[in-house]
Amino acid sequence: MKERLRVGWIVLALAVAMLIAPAAPLFAQAVNIDAAKKEGKVIVYGSVVPQAMDDLHKGFKAKYGIDVEYWRGDSTKVSERALAEWRAGRPGFDVVEANRGVQLIMKSEGLFAKNIPPSSEKFPAAVREKDGLITPWRVLPISILYNTELVKPADLPKTWDDLLHPKWMGKICMPDPTRHTTTAQFLWNLDTFKKDKWLDYVKALAKQKPIFVESLAPVTNKVIQGEAHLGITYVKYVKQYKGPVHYVLMDKHLADPNYISIGAKANHPNAARLYAEYATSVEGQKHIAEDGEFVFAPGVLPPIKDADKVQPNIIVMDNPTADEFKKLQTVTFREIFFAK
């Protein structure tokens, strides 16, 4: 049995008093804006595509006159670069942005300094880290994306079970779970809906002969190009990609939270703290939400149809341990999806 604490946003939404943490100035860390301005720049390693970060970075520079040097990779690559530099004794980052799984790995190796941006104190208490070493700032709900020109409204799947209908065989795109950690995590978290039958569901999904890609973003391209009719990926891509694509509004959406962390040996520590504060402020959250990202600031939504119905029904995914991840990807899912 999986011993995990699962955080259901829907449950939290019903308990607003518990969701929205009260102001706690004793724990938030004030930012020295003058010192940050003297440092002049901040170096950020992140998993968000650069074009989606442009407004945030332009707003930050316009407000404080501080440049942002941004390097982008998926979460796995972000952590690999940050860890390699850290172990070599030459960390080049001031701020690291990535999903929870890799942030926990980096945190365990001591990469981060404690930092609690004052604005983050208004975020849901359940997603905030008690030690203040990583700070939540956005969340990525997963759904079924579909090609609006190829899938008739009457045929639209409404649940994950609907993907198992024979008419979708060979028409579903998803990342290869033996190589893509978030997809492995997503399948593992399907026990939210399927309970102890979740692995049976994964086996049935494998029989649909899905089209594999390396990560979640390329799923959208496959759907838009018509190479797949359906795809398992993030809701936000319907805003970030142009083409005949939309998403299925589900009763509940599993989601992956992402975090911002400050380097324990940052070359620009004050600018890094100011960057984290700006990214978690309502102003910063509006910038990132405008490009389709779901965020934690109360009342801020992306310009996506029915986003207000997605957000209350988000369930934050839990993370397998490192050993569980290894077994899932190298044994369990390899046997299910690639056995001959």
**Request:** Going by the side-chain contact (heavy atoms from CB on, under 4.5 Å) test, name the single residue among Ile262, Ile134, Thr135, Ile260 that passes it with Phe112.
**Result:** Ile134
**Message:** My understanding is that only one of Asp161, Asn189, Asp200 makes a side-chain hydrogen bond (donor to acceptor under 3.5 Å, both in side chains) with Lys194; could you say which?
**Reply:** Asp161
**Message:** Set out, in order, the CA-CA distance, both residues' side-chain angles and the distance that settles side-chain contact (heavy atoms from CB on, under 4.5 Å) for Thr159 and Asp251, then state yes or no.
**Reply:** CA-CA 8 Å; Thr159 67; Asp251 291 340; 5.9 Å; no
**Item:** Chi angles and distances behind the salt bridge (Lys or Arg N to Asp or Glu O under 4.0 Å) call for Glu129, Lys114
**Value:** CA-CA 10 Å; Glu129 296 291 318; Lys114 182 176 180 179; over 6 Å; no
**Complete:** To the nearest 0.5 Å, atom CD of Gln240 lies from atom NZ of Lys242 at 10.0 Å
**Request:** Flag the pair Lys239 and Glu290 as a salt bridge only when some basic side-chain nitrogen lies within less than 4.0 angstrom of an acidic carboxylate oxygen.
**Result:** no
**Prompt:** Would a 4.5 Å heavy-atom cut-off, applied to side chains only, mark Asn99 and Tyr259 as touching?
**Reply:** no
**Request:** Establish, from distance only, whether the side-chain atoms of His57 and Tyr275 form a donor-acceptor pair under 3.5 Å.
**Result:** yes
**Item:** Lys/Arg N to Asp/Glu carboxylate O, Glu214 vs Arg179, below 4.0 Å
**Value:** no
**Prompt:** At what distance, to the nearest 0.5 angstrom, does CG of Asp318 lie from OG1 of Thr192?
**Reply:** 9.0 Å
**Prompt:** When the ring planes of Trp198 and Phe333 are compared, do they come out parallel, tilted or perpendicular, using 30° and 60° as the limits?
**Reply:** perpendicular
**Prompt:** Are Lys158 and Leu249 side-chain neighbours, meaning at least one heavy-atom pair lies under 4.5 Å?
**Reply:** no
**Message:** Quick one about Gln329 and Thr178 (side-chain donor to acceptor, distance below 3.5 Å, no hydrogens or angles considered), yes or no?
**Reply:** no
**Prompt:** Could you state the interatomic distance from OG1 (Thr332) to CD (Glu324), rounded to the nearest 0.5 Å?
**Reply:** 10.0 Å
**Message:** Within the structure provided, determine whether Ile232 and Leu205 are in side-chain contact (heavy-atom separation under 4.5 Å).
**Reply:** yes
**Item:** Note, His180 side chain near Asp176 side chain (heavy atom, < 4.5 Å)
**Value:** no
**Asked** So among Asp191, Leu187, Leu190, which one has a side-chain contact (heavy atoms from CB on, under 4.5 Å) with Tyr201?
**Response** Leu190
**Item:** Reported CG-to-CD distance for the pair Leu163 and Gln208, which is rounded to 0.5 angstrom
**Value:** 8.0 Å
**Distance-only side-chain donor-acceptor flag, Thr321 / Asp323, under 3.5 Å** = no
**Asked** Can Lys236 and Glu293 be counted as an ion pair, charged N to O under 4.0 angstrom?
**Response** yes
**Complete:** In this structure, CG of Asn319 is separated from OG1 of Thr181 (nearest 0.5 Å) by 9.0 Å
**Asked** Are a donor atom and an acceptor atom from the side chains of Ser261 and Gln103 found within less than 3.5 Å of each other?
**Response** yes
**Prompt:** Would you say Asn267 and Phe93 make side-chain contact, with heavy atoms under 4.5 Å?
**Reply:** no
**Item:** Cation-pi, Tyr45 ring and Arg72 (6.0 angstrom, 45 degrees)
**Value:** no
**Message:** Regarding Glu97 and Ser47, do their side chains bring together a donor and an acceptor under 3.5 Å, going by distance alone?
**Reply:** yes
**Request:** Report the residues that fulfil side chain to side chain donor-acceptor pair (under 3.5 Å) with Lys305, sequence neighbours left out, ordered by chain and then residue number.
**Result:** none
**Message:** Checking Ala289 now: which residues fulfil side-chain contact (heavy atoms from CB on, under 4.5 Å) with it, not counting sequence neighbours?
**Reply:** Val295, Val300
**Asked** Taking the side chain as C-beta and beyond, is there a heavy-atom pair between Trp137 and Asn258 under 4.5 Å?
**Response** yes
**Atom pair CZ/OG1 of Phe325 and Thr330 - distance to nearest 0.5 Å** = 12.0 Å
**Item:** Flag if over 12 foreign heavy atoms under 6.0 Å of NZ, Lys222
**Value:** no
**Prompt:** Using 30° and 60° as the class limits, which term best fits the ring planes of Tyr241 and Tyr237: parallel, tilted or perpendicular?
**Reply:** perpendicular
**Request:** Determine the interplanar angle of the Tyr278 and Phe60 rings, folded into 0 to 90°, and report it as parallel if under 30°, tilted if 30 to 60°, perpendicular if over 60°.
**Result:** tilted
**Asked** Within a strict 4.5 Å, meaning less than it, do heavy atoms of the Leu145 and Val238 side chains meet?
**Response** yes
**Prompt:** So do the side chains of Val219 and Pro175 get within less than 4.5 Å of each other, counting heavy atoms only?
**Reply:** yes
**Prompt:** Does the pair Phe212 and Phe337 meet the rule for a ring pair (Phe, Tyr, Trp, His ring centres under 6.0 Å), with working shown?
**Reply:** CA-CA 10 Å; Phe212 285 137; Phe337 286 96; 5.6 Å; yes
**Request:** Using distance alone, with no hydrogens and no angle criterion, decide if Asp94 and His268 have a side-chain donor and acceptor under 3.5 Å apart.
**Result:** yes
**Message:** Is it the case that atom NZ in Lys130 sees more than 12 heavy atoms from other parts of the structure closer than 6.0 Å?
**Reply:** no
